[in-house]
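Numbers restart at 1 for each chain; the letters A, B, ... are given by sequence-line order, proteins then strands.
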2 protein chains.
Amino acid sequence: MADKVTSFDVARQAGVSQSAVSRVFTPGASASAATRSKVIKAAEELGYRPNTLARAMITGKSRVIGVVVAYLENQFYPMALEHLDHALKARGYHIMLFMAKNDDSVGQIVEELMSYQVEGIITASVAMSNDIAKRCHDAGIPVVLFNRGQDTGNLAQVTSDNVKGGRTVANFLFAGGHRKIAHISGWLESSTGLDRMRGFVDGLAEHGIAPVAVEDGRYSQKIASEITRSLCDSPDRPDAIFVGNDHMAFAVMDTLRFELGLSVPDDVSVIGYDDVPIAAWPAYDLTTIRQPINQMVNATVDVLLARIENDAASERIQIPGPLKIRGSAKKPKGFTR
Amino acid sequence: MADKVTSFDVARQAGVSQSAVSRVFTPGASASAATRSKVIKAAEELGYRPNTLARAMITGKSRVIGVVVAYLENQFYPMALEHLDHALKARGYHIMLFMAKNDDSVGQIVEELMSYQVEGIITASVAMSNDIAKRCHDAGIPVVLFNRGQDTGNLAQVTSDNVKGGRTVANFLFAGGHRKIAHISGWLESSTGLDRMRGFVDGLAEHGIAPVAVEDGRYSQKIASEITRSLCDSPDRPDAIFVGNDHMAFAVMDTLRFELGLSVPDDVSVIGYDDVPIAAWPAYDLTTIRQPINQMVNATVDVLLARIENDAASERIQIPGPLKIRGSAKKPKGFTR
DNA sequence: CATAATGATGAATGCGAATGCATAATTATC
DNA sequence: GATAATTATGCATTCGCATTCATCATTATG
């Protein structure tokens, strides 16, 4: 194992001072062409790379962003992670990844992130208690909630327009002739779950009807399946179900088809939310509200870096997402949103 | 934004020296109960946490592991990531995440990881050129390839027993009465793809038959679908297809059923590899070889940390995975592996 | 009670690179 | 060609904490 090679080693080899070496590796610092080439040559010979940790100590910039994710089984989050990686890499930042179930451990994780001197934190569908938010604020570490809103704590947040999405689904299902419509919601303690539900219920109300049932699926496939069973156990089963996200919608469809022997969409229409890649797979061919993940991620990164770089205000951004019409729900003729 | 609070601030507040503060936060260092409680009190009042970067500079231990992942759309990798997070967290390490397409950029990423002084690197289905492997070796940074083998470079690696898995599939399909069996392989430039293919072909050979076709699906759903179409376009279409991983198998099943109007398993049996959660979803109900992801991850972490802590040798570990029999392939009566 | 052994503590040092300051080398301007 | 303006360069310092060394307090041992 070769010993670590430092800027002093390179300096000696190149016959210059350590400062010169540092300047060559610091964008914008002044160094003559001669020095530069000597240093680069020596660095290559020795296999030198600046120690980012040491650099971070001086500059106070680690170029690391902490990312906290709750679920990875729901395909939306791996996809978000992939986009986040690209967007952050393009801006010269790196990801330190943590998993946190929603209930617990977020505080602990934030403490660890802070001790690593991350420059910012992105949480995906993870909320943050007020005192933790305050701690980040006091430490000067900006936080952006991705796909999760929160009224308290004055945190930046980026979501799709969930209320509008829910409303769009209501219009679409009503236009499709459905009158007995159930909703298996996302977790109702989360803003996304709640907003979609509200938009949906409001949307139906505008047509003078109410959902036949609203049950909290809590983003769990298991719970969603159970709810589906009990909904359809009734003589008066729904003819359409709006499900709070695609991940649950797949379970709902499977339960309807393979357990209850019902046809989707002939017996029951199903609509999801997210438009993850699986939704387009022929086995599901799920009609769903698309969350424009790319735009959402870009907005998240923009907001975060703006706050890192110039202390900008925290914003709340809502990006509208279109209904992606596929085959899991009856298509009204001439439907316009 | 409160200014950073350092160990000196805490020391002043507690009326002790900076060394004392450091000792209180360093497990195993000696400090009296009185000092300890004074320091802890002061630290809490000031909201102090040791700066991990500064600590890492001194100790040479960053407690960070670099994780490099190629795909996140194939559910196997998010699942692996989740397990990795748990296993590493339990050992006090953290993840710095990078995405790399297989062909490019791995070298660049490794350089960045090294500059962050990571203590080890795990690559998931990502290979590493020999000079990059050497660079890690020279820098004393152990590397473990997860779910990917590689003969050159003397790298530690953890996979399932892919050859055996392929063979098991061959036996199972033969016992199920299939004689016209095709294989849409994983990427044949990867050890996993190659080993599964070899085991499979060998297994069939032991029964005196050969696959009717072996095509490289390159882990792409699109390519797998295209191959499925062309395979079934022939008058002599296969009655079973072994697919190199679940992710492609889903696309194959969808193509067979919804595009070609064939029944799975009545017309064509399909078997995958991985046993990701989706494989158990009723829509697919995929018979597949389970990769024991938990064991694989634990082995990966064990090997890596052993090499970090005591310079252990690099190992090659193969963990056998059972056939998970579901409904996508005909079930031979009384089949024993 | 004296001496040895152990534990606790602070001052000083160093990890590796960035940067302010002062000076030297180069280039621009008249 | 002389002076001003600019660019390069090195020295010394700094970031925050762990650790060595020497010193001092405490406890153990005969």
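- Within the structure, ring pair (Phe, Tyr, Trp, His ring centres under 6.0 Å) contacts touching residues 21-57 of chain A (residues at least two apart or in different chains) are A/Phe25-A/Tyr48.
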Contacts under 3.5 angstrom, residues 114-122 of chain A side chains, donor-acceptor by atom type, not counting sequence neighbours:
| unit_1 | atom_1 | unit_2 | atom_2 | d |
| --- | --- | --- | --- | --- |
| A/Ser115 | OG | A/Glu112 | O | 2.9 |
| A/Ser115 | OG | B/Thr52 | OG1 | 2.8 |
| A/Tyr116 | OH | B/Ser62 | O | 2.8 |
| A/Tyr116 | OH | B/Arg63 | O | 3.3 |
| A/Tyr116 | OH | B/His94 | ND1 | 3.1 |
| A/Glu119 | OE2 | A/Ser62 | N | 3.1 |
| A/Glu119 | OE2 | A/Arg63 | N | 2.5 |

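- Applying the salt bridge (charged side-chain N to carboxylate O under 4.0 Å, His left out) definition to pairs two or more places apart or across chains, none involves residues 122-131 of chain B.
- DNA chain C lies under 4.0 Å from at least one heavy atom of each of the following residues of residues 31-44 of chain B: B/Ala31, B/Ser32, B/Thr35.
- Under the side-chain contact (heavy atoms from CB on, under 4.5 Å) criterion, A/Ile132 pairs with A/Val110, A/Met128, A/Ser129, sequence neighbours left out.
- Inspection of the A/Tyr77 and A/Ser125 side chains reveals an N or O donor paired with an N or O acceptor under 3.5 Å.
- Comparing the start and finish of the helix from C/dC1-D/dG30 to C/dC30-D/dG1, five pairs each, the helix axis swings through 20°, to the nearest 10 degrees.
- Going from atom CE of B/Met114 over to atom P of C/dA17 covers 12 Å, rounded to whole Å.
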B/S/- contact track for nucleotides 16-21 of chain D, protein heavy atom under 4.0 Å: BBBBBB

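- A salt bridge (charged side-chain N to carboxylate O under 4.0 Å, His left out) check over residues 16-44 of chain A, counting only residues at least two apart or in different chains, returns the pairs A/Lys41-A/Glu45.
- For residues 150-160 of chain B, every residue pair satisfying the salt bridge (charged side-chain N to carboxylate O under 4.0 Å, His left out) rule, not counting sequence neighbours, is listed here: B/Asp151-B/Arg316.
- Taking side-chain N and O atoms only, A/Ser17 has no distance below 4.0 Å to OP1 or OP2 of D/dT9.
- Considering only residues two or more places apart in sequence or on other chains, A/Arg135 meets the side chain to side chain donor-acceptor pair (under 3.5 Å) condition with A/Glu111.
- For B/Tyr93, there are no ring pair (Phe, Tyr, Trp, His ring centres under 6.0 Å) partners at least two apart in sequence or on another chain.
- Sequence neighbours left out, the pairs with a member in residues 26-35 of chain A that pass side chain to side chain donor-acceptor pair (under 3.5 Å) are A/Ser32-A/Thr35.
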